Chemist: 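My structure is below; once you've seen it, I'll send some questions.
All values below were derived from every heavy atom in this structure, side-chain atoms included, with hydrogens, water molecules and symmetry-related copies excluded. All values derive from a computational prediction rather than experimental measurement.
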Amino acid sequence: MEKHPWPLFLSAPLLGICQSVLLVYTPIFLAKTSLPLATLALLMSFGSALFLFSTPMWAKTSLRWGYRRVLMTGVFGLTSSFSLLYLAVWGTSQQQWSLLWVTLVVLVARLIYGMMASAIVPTCQAWITEHNDVKLDAKNTLNKLAELSTVMAIGRLLAPLLALLLIWIDWRSPLLFLVFFPLTCLLCIAKFTTSHRKYTEEQGVKSAPLAADTNVDNAHETALMAEGSRLNSKLRSSLLLSITLICISHSTVIYLLTPMALQWLALDDESASQFLSLLMTLAALAMVLCHGFSSRIKIVNHFNMMLLANAMLVLSLASMLLASGYILLIAIPLLSGAFAILQLQITSLMCNLADKSRKAIATGLVAKFQTLGYVFGAGLLWLTHSDIESTLLVLCVLALAQVTSLFSWQYQIQQANKHPLITANEFKPQDRSSNI
């Protein structure tokens, strides 16, 4: 029996924890490096935008390298990028570097982050679904992803408090933590003896006789499998559209929280920050509860879970149209819960639609379209000039499109279930014939 993949549960929350710590540390970083806020924001956005290109690249690379090597590369890139950020602070405080040198170092740091750190979460998700995968069914995949997502949500929940504690110890402590925590994870992964390559080779040897015995070269079966491939392609398109739409809504509302708090509640800057901290805590708690609930359900019904999430999304956006600051205490947890459920369900379904050992491509696609959603969310704010009411109205229209996409997805499944050989039937990956 293979070991429990505990390094994956240590590595998957890395991005969320490190980004939250860095966010809290930003005022100190700006003060020590003298970087303008606009410059830092542009550099941070540049690193995140690179995920669009690097995530699919690492998904394909995992087919050649295996999950372990790709994950170690991503974690190494993360610790390298934060090491350069520490170098920028050290160079400014100890060597009086010019602003140009500091900007160049931060640029290289974000370049490394965007091109390498993007491998971490999709690889962990893909690896966890195939580790000890004796029963490749929808419930098994969903439970594993839910457990991993719960740990990631808990990391995001605790990270701000951790950052405050580190700052209290010493102003350099957060950066040192950002360097050595990923390095510790890297060492843990290196000692983790389970190899995906070894696992797939063993399973391939075991399944070879069965494949030879059960192979039926039948023209009718071939036609049905081709139809299954076509339907699976449509299913993937519907799922990727859904994750893009929910990410647009989620990211846009998060961007609007500051003007909402300032206008609707007439708060000063300090009080608004405290209110936003409360909202983020409630949002993280909602995500933890939704992931925990998803991992405990006995019968997996993806359509009902996604319908619940869409109802939460519509209710959240509709309540925000009331323009009441305190309604955000309910609306934001609802929105975060909807995002958590949809992300988990869609990732699980994409993994079940993928061929065995190609799940990293599935999780990579989900991560890529999530990033696209964040980019479109920023673009929506630019189009509406960050006007709260008009932006919320557009998001409500997108929510209706989300519901339409969901019912289209369900209709396609019903069509697929009419054919016993089509792989969309109950999402059994052992019968998969189409590649992502």
Chemist: Evaluate T33 against T92 for side-chain hydrogen bond (donor to acceptor under 3.5 Å, both in side chains), listing each step before the verdict.
Modeler: CA-CA 6 Å; T33 60; T92 304; 5.7 Å; no

Chemist: Can you establish whether the number of heavy atoms outside F177 located under 6.0 Å from its atom CZ is more than 12?
Modeler: yes

Chemist: What is the minimum heavy-atom distance between F339 and H250, and which atoms define it?
Modeler: CB-CD2, 3.9 Å

Chemist: Given side-chain contact (heavy atoms from CB on, under 4.5 Å), test Y86 with L178 step by step and report yes or no.
Modeler: CA-CA 9 Å; Y86 183 83; L178 293 175; over 6 Å; no

Chemist: Decide if atom CZ of F376 counts as having more than 12 heavy atoms of other residues, nucleotides or ligands within a radius under 6.0 Å.
Modeler: no

Chemist: Considering all heavy atoms of both residues, which atom of M57 and which atom of M115 are nearest to each other, and what is their separation?
Modeler: CE-O, 4.1 Å

Chemist: Ring centres under 6.0 Å, that's the criterion: do Y374 and F51 meet it?
Modeler: no

Chemist: Determine whether the side chains of T384 and S390 contain a donor N or O and an acceptor N or O closer than 3.5 Å.
Modeler: no

Chemist: Would you name the heavy atoms of L349 and M306 that are closest together and state the gap between them?
Modeler: CD1-SD, 4.1 Å

Chemist: For L10 and F181, run side-chain contact (heavy atoms from CB on, under 4.5 Å): C-alpha distance rounded to whole Å, both residues' side-chain angles, the deciding distance at 0.1 Å, then the answer.
Modeler: CA-CA 10 Å; L10 190 63; F181 180 48; 4.2 Å; yes

Chemist: Just by distance, do the side chain of S62 and the backbone of A59 share a donor-acceptor pair under 3.5 Å?
Modeler: yes

Chemist: Is the backbone of L344 close enough, under 3.5 Å, to the side chain of S348 for a donor and an acceptor to pair up by distance?
Modeler: no

Chemist: Measure across T123 and Y67 and return the closest heavy-atom pair with its distance rounded to 0.1 Å.
Modeler: CG2-O, 3.4 Å

Chemist: Would you confirm whether R110, through its side chain, and F46, through its main-chain N or O, come within 3.5 Å as a donor-acceptor pair?
Modeler: no

Chemist: Could you pull out every donor-acceptor pair under 3.5 Å between side chains of residues 159-170 and any protein atom, sequence neighbours left out?
Modeler:
{"unit_1": "D170", "atom_1": "OD2", "unit_2": "R172", "atom_2": "N", "d": "2.9"}
{"unit_1": "D170", "atom_1": "OD2", "unit_2": "R172", "atom_2": "NE", "d": "3.3"}

Chemist: Kindly compute the distance separating CG (L241) from CG (L406), expressed to the nearest 0.5 Å.
Modeler: 11.0 Å

Chemist: For L8, does its backbone N or O pair with a side-chain atom of S11 as donor and acceptor, under 3.5 Å?
Modeler: no

Chemist: Do side-chain atoms of S81 reach the backbone of Y113 as a donor and acceptor pair under 3.5 angstrom?
Modeler: no

Chemist: Looking only at non-hydrogen atoms, find the nearest pair between G74 and A119 and report the distance.
Modeler: CA-CB, 4.2 Å

Chemist: Can you list every salt bridge (charged side-chain N to carboxylate O under 4.0 Å, His left out) pair that touches residues 278-287, not counting sequence neighbours?
Modeler: none

Chemist: Could you measure the distance from the CG atom of L372 to the CD1 atom of I243? Nearest 0.5 Å is fine.
Modeler: 11.5 Å

Chemist: Side chain of Y25, backbone of W171: donor and acceptor closer than 3.5 Å?
Modeler: yes

Chemist: Output the distance between atom CZ (F29) and atom OG (S34), rounded to the nearest 0.5 Å.
Modeler: 10.5 Å

Chemist: Verify, without hydrogens or angle tests, whether T55 (side chain) and L52 (backbone) share a donor-acceptor contact under 3.5 angstrom.
Modeler: no

Chemist: State whether the side chain of T371 and the backbone N or O of A367 hold a donor-acceptor pair below 3.5 Å, judged by distance alone.
Modeler: yes

Chemist: Tell me which donor-acceptor pairs under 3.5 Å the side chains of residues 315-325 have, and how far apart each pair is, sequence neighbours excluded?
Modeler:
{"unit_1": "S316", "atom_1": "OG", "unit_2": "A331", "atom_2": "O", "d": "2.7"}
{"unit_1": "S319", "atom_1": "OG", "unit_2": "L315", "atom_2": "O", "d": "3.2"}
{"unit_1": "S319", "atom_1": "OG", "unit_2": "S316", "atom_2": "O", "d": "2.7"}

Chemist: When L313 is tested against each of L335, L398, I341 for side chain to side chain contact (heavy atoms under 4.5 Å, CB included), which residue passes?
Modeler: L335

Chemist: Knowing that exactly one of L395, V314, L342, V397 qualifies, which makes a side chain to side chain contact (heavy atoms under 4.5 Å, CB included) with Q402?
Modeler: L342

Chemist: Would Y326 and L265 count as a side-chain contact (heavy atoms from CB on, under 4.5 Å) if you check the C-alpha gap in whole Å, the side-chain angles of each, and the deciding distance to 0.1 Å?
Modeler: CA-CA 8 Å; Y326 292 107; L265 295 174; 3.5 Å; yes

Chemist: Mind listing the closest non-hydrogen atom pair of V106 and A88 along with its distance?
Modeler: CG2-CB, 4.2 Å

Chemist: Are there more than 12 heavy atoms of other residues, nucleotides or ligands under 6.0 Å from atom CZ of F53?
Modeler: no

Chemist: Centroid separation under 6.0 Å, is that true for the rings of F407 and F303?
Modeler: yes

Chemist: Would you please test F369 and L239 for side-chain contact (heavy atoms from CB on, under 4.5 Å) and show each step?
Modeler: CA-CA 10 Å; F369 278 82; L239 294 173; over 6 Å; no

